[in-house]
Every structure is written in C-alpha cells, then in structure tokens.
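This report refers to the structure that appears directly beneath it.
Naming: A, B, ... by sequence-line order, numbering from 1 per chain. Note that the structure is predicted; figures quoted are calculated from it, not measured.
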There are 2 protein chains.
Amino acid sequence: MTDPLDTTPDRRPGGRTARVRAQVLDAVRAELAEHGHEGLTMEGVATRAGVHRATVYRRWRDVGGLLVDVIAAAGEIDWQPPDTGSLRGDLTALNQEIQESLVLRPSFAVALMAASFHSEPAARAQTQLWTDRYAQCEILVERAVQRGELPATRTDARSLLIAATAPLYHQLVLLRTDPDPRLPERAAETAVLAASAGAFSVRGQEACE
Amino acid sequence: MTDPLDTTPDRRPGGRTARVRAQVLDAVRAELAEHGHEGLTMEGVATRAGVHRATVYRRWRDVGGLLVDVIAAAGEIDWQPPDTGSLRGDLTALNQEIQESLVLRPSFAVALMAASFHSEPAARAQTQLWTDRYAQCEILVERAVQRGELPATRTDARSLLIAATAPLYHQLVLLRTDPDPRLPERAAETAVLAASAGAFSVRGQEACE
DNA sequence: ATCTTAACGCGACAGCTGTCGCCCTAGGTC
DNA sequence: GACCTAGGGCGACAGCTGTCGCGTTAAGAT
C-alpha cells in the first residue's frame, strides 16, 4: 500500500509513456523547424504529436518545459570539437559551425535562446549545455600549448574560447548583422593574436579546478 | 516629431494625445523596472497609465510596439562615449557601463533583447540603436590612433569595438555567468592587445608583427 | 492471468487577449 | 465663440490558453 502523500510512487517510463514522449519531442523539433520559436505553441505540438493538449500541459507544463526536454536530448548526442592541427584552424572551424547553426532559418539555436528569456528551466538547461560544450573545447587550447603555439604560461582557456566565439553570437543574434563568411576566421584569428600577446595568461593559481 | 510622409490630413499630436503617450511610455518603463520583460503586458501598461486597453492596442498594437517607442525615446537622449585618455581606459569604462546595464535587475537592456525575439519592429529599433551607439564609439579608436596607441594602418573600428564588448553580452546574457568585476577591464585589455598585434587592420595582418 | 494505478483521452470551463462599434471628449481651425 | 473630427473611453464578445474532474487504457508487479 503506497502512501498517497508519497512523492515518488512507481513510475512507468516504458511503453506508451515513452512513445508519447518521442512523438511530442519530434513534434517540437518539427514545429521549430517549420514556424521557428515564434510559432511553437502547446496546441500545435499536441495536435502534431497526435496527443491531447492536457497531456502536453501535464507533462511539460509550458513551452519552456518542452525546450528543456529537447535540449536534454541534444546534450546526449556526442559532439566532438574540431581538430585541424592548429589553434587558429580549430577556432575557425568551431566558429564556422556556430555561424552555420545561427544562420540557419529557422535556427534551432536562436529558438532556444529566445525561449530561455521566457523560461528559467529552459535557461538553466541551455546554460548547462553551453558550459559543457565550452569545457569540451578547452582541449583545443591544451593541444595548442603542447604544440608550442601558445606561451608556456597557463592560459585561461575558457576566456580565450569566449573571446573567439562571442563576436559571432553578438553580431548574428543580438546585432543581427548580415552573415559574413569571413567572420568565423577573423574572430578566431583575433583571439589567437590576443592569446599570443598574453591576453589570457593566468597570473595567480586560479583556474585550478 | 511629425512624419513628413504622413498623408493623413489632420493629426493631433498635441494636448491629450501627447499626454496619453507620455503616460503610457512611463508606465512601460515602470512595469519593466518592476516585473521585468516577463511581466510587461498590454493590460498592465494600460491600467498603470490610467488609459483604456483599447487605446494602447490601437496606438501601439502589441508589446513590441511599446518597446519600439521606448527605444526610440532612449535613442533621443544624447549619450556620449567615455573619454579617459587611453583606449584601454575608454573600452574599460564602456564595458563597465554595459555590465552595469546588464547586471541591473530587472535589466532594461535584457528586457529589450528578450522583446526583440518576439517583435520584428522592436528588433529593428534595437538594432538601429546599437548601430548608432557603435558608430558613436568609433571615435574612441580614432583618438587612439591619433595618440599613437594603435599602428597607423587603418583599423576596423567596429570590429575592435565588438571584440571588446561582445564577451560581456555573451557571458552575462547568453551564458548567464555570475558577473565578474574584472571582466570589463579584461575584455577591454584583450581587445587592445589584439589591436596592437594588428588584428583589426583593414589591409591584412601579416604585415604587422 | 489478475490486480493496481500511472498516464492518457476527453470535454467543460474560467480567465485572459485582442478586436470592434458606438459614443463622447477635446484639439485644431476658423 | 462655433464647428469639425481625430483620438480616447467604454462595454461587448469571439477566440485562445491553461486547468480540472472524471472515465478509460495499459504498464508493471504478483
């Protein structure tokens, strides 16, 4: 006999439940691809998924909840940072990847950012995903140091990566500048020049995790 | 200001019309300051302004329209870029100003960005405001060149400014990192180092080393 | 096979959003 | 002052959004 106040009774993750989840998440991605983040509505997702509205509301609460689940699914694919043989090449390739994802219309990435302004859980999920990706990319910097491309002084990898990638997000998302095919390379090159000049050298012992 | 393209015979920009506009825009700013962009609703603005809902809908259409008008009003105040005597100081001061505006809770600037994802007109207005601000800041670079802080080769001022400021927006708005009081200075310094290394030279980078 | 109950379907409905038509107020002009 | 009418007030209302209660289905346990 289970206590009715028990917050964790038996769950049923399999069978129909899993099928409904898959249908709904597919519907979310399809709606995003078709109408962008603007056209992403609970009603539309439910209809496309062939599921009742109330079901979507109960399990995902709101649009932000749907995005959280989609982001979680996106975080599960094993993404690998580029490895071209030089820091400049790696950062350029990374930036090209970013630019591609931001220029796509409608952009899944931009939809996530937009949604993050409206849903705290979605914002946390997205922040987590980005944090992971930047952490993964730190190996680019380590490899560059090993190759002797950067001074032997400890380099703040995260700051370097942000310096290299931030202009892309700024220009394409916030400033809405027309995409410039040279931008990924230029931003990467700028970051490398700054790094070579010691811009990201860590003086003290911070950055130790 | 009167629109010269407006062909409608009699407009009545004065008196009550102007008073209503002022009341509504004040209400928008107050609501933004109190509830953030999330709590900005047509109903709330109308009530606070002491104006009927239908009036707000008729004149501003939607929340984006309200923001457009507020942005336009913000663009009218005469903002001046900092002048500290050095490029690094100027960029640091600029970044501190930006950081301050982004860290404020609720942040007016962040509210505008959020709204821009939902309203094309608001996005255009904001882009315009930013474009103007960046153009105004180009004088920082010109002064630095005149002082001999930067090589005499032509420098892409806009790219330099974006490189200096983008990390702030990226960290505080998109990545939602906790604000770091050193960030404005570091980002500024990084940009200056890159610039000194010729990162923003228009001709090409290999000549200056 | 049988039982328990989590999870979904369904329809009703309250609250909110945006629109419309009508009337009234007051700005601009003579 | 008198007149014309742009613009605002007002209330009604259609459409949409999110919630709730209840009945049904089927997942997991025995």
Side-chain angles (χ1 to χ4, degrees), chain A residues 1-28 31 35 37-69 114-115 118-122, chain B residues 1-28 31 35 37-69 114-115 118-122:
Chain A
M1 180 86 181
T2 31
D3 188 335
L5 293 178
D6 189 355
T7 51
T8 55
D10 355 343
R11 297 278 127 177
R12 291 182 182 177
R16 182 172 61 167
T17 301
R19 199 163 52 249
V20 166
R21 177 167 184 261
Q23 288 169 11
V24 168
L25 292 192
D26 281 345
V28 170
E31 288 284 307
H35 308 111
H37 70 277
E38 203 59 24
L40 187 66
T41 165
M42 298 292 270
E43 174 86 43
V45 169
T47 303
R48 183 187 280 261
V51 159
H52 199 270
R53 233 161 22 101
T55 299
V56 183
Y57 278 112
R58 269 192 289 251
R59 286 191 57 179
W60 289 275
R61 185 176 177 85
D62 55 15
V63 181
L66 287 171
L67 268 306
V68 168
D69 216 356
H118 295 303
S119 161
E120 186 53 34
Chain B
M1 58 171 82
T2 40
D3 187 355
L5 293 179
D6 195 351
T7 52
T8 319
D10 295 343
R11 292 282 120 176
R12 291 182 182 177
R16 182 172 61 166
T17 301
R19 198 162 55 247
V20 166
R21 177 167 184 261
Q23 287 170 10
V24 168
L25 292 192
D26 281 345
V28 170
E31 288 284 307
H35 312 298
H37 69 275
E38 204 58 23
L40 187 66
T41 166
M42 298 292 269
E43 174 85 42
V45 168
T47 304
R48 184 187 280 261
V51 159
H52 199 270
R53 231 159 26 97
T55 298
V56 183
Y57 278 111
R58 269 193 288 250
R59 286 191 58 180
W60 288 275
R61 186 176 177 86
D62 56 15
V63 181
L66 287 171
L67 268 305
V68 168
D69 216 355
H118 294 302
S119 161
E120 187 53 34

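The interatomic distance linking A:E43 (CD) with D:dT19 (C1') rounds to 14 Å, in whole Å. Remark: P of D:dT17 and CE of A:M42 are 11 Å apart, rounded to the nearest angstrom. Rounding to whole angstrom units, CZ of residue B:R19 and C1' of D:dG9 are separated by 14 Å.
Within residues 54-65 of chain A, the residues approached by DNA chain D to less than 4.0 Å at the level of any non-hydrogen atom are A:A54, A:Y57, A:R58, in residue-number order.
Distances were taken from every side-chain heavy atom of B:H52 (C-beta onward) to each of C:dC8, D:dG9, C:dG18; the shortest belongs to D:dG9.
The shortest distance between the side-chain N/O atoms of A:T41 and the OP1/OP2 oxygens of D:dT17 is below 4.0 Å.
For the side chain to side chain contact (heavy atoms under 4.5 Å, CB included) with A:V56, the lone residue among A:V20, A:V28, A:V51 that qualifies is A:V51.
More than 12 heavy atoms of other residues, nucleotides or ligands sit less than 6.0 Å from atom CZ of A:R59.
Looking at which nucleotide of DNA chain D each of B:R53 and B:G50 is closest to, the 5′-most match is held by B:G50.
Evaluation of the salt bridge (charged side-chain N to carboxylate O under 4.0 Å, His left out) test over residues 43-53 of chain B, restricted to residues two or more places apart or in two chains, returns B:E31-B:R48, B:E34-B:R48, B:E43-B:R53.
Counting heavy atoms from C-beta on, the side chains of A:H37 and A:L67 never come closer than 4.5 Å. Looking only at side-chain heavy atoms (C-beta outward), A:H35 and A:T41 stay at 4.5 Å or farther from each other. Looking only at side-chain heavy atoms (C-beta outward), B:T55 and B:V24 stay at 4.5 Å or farther from each other.
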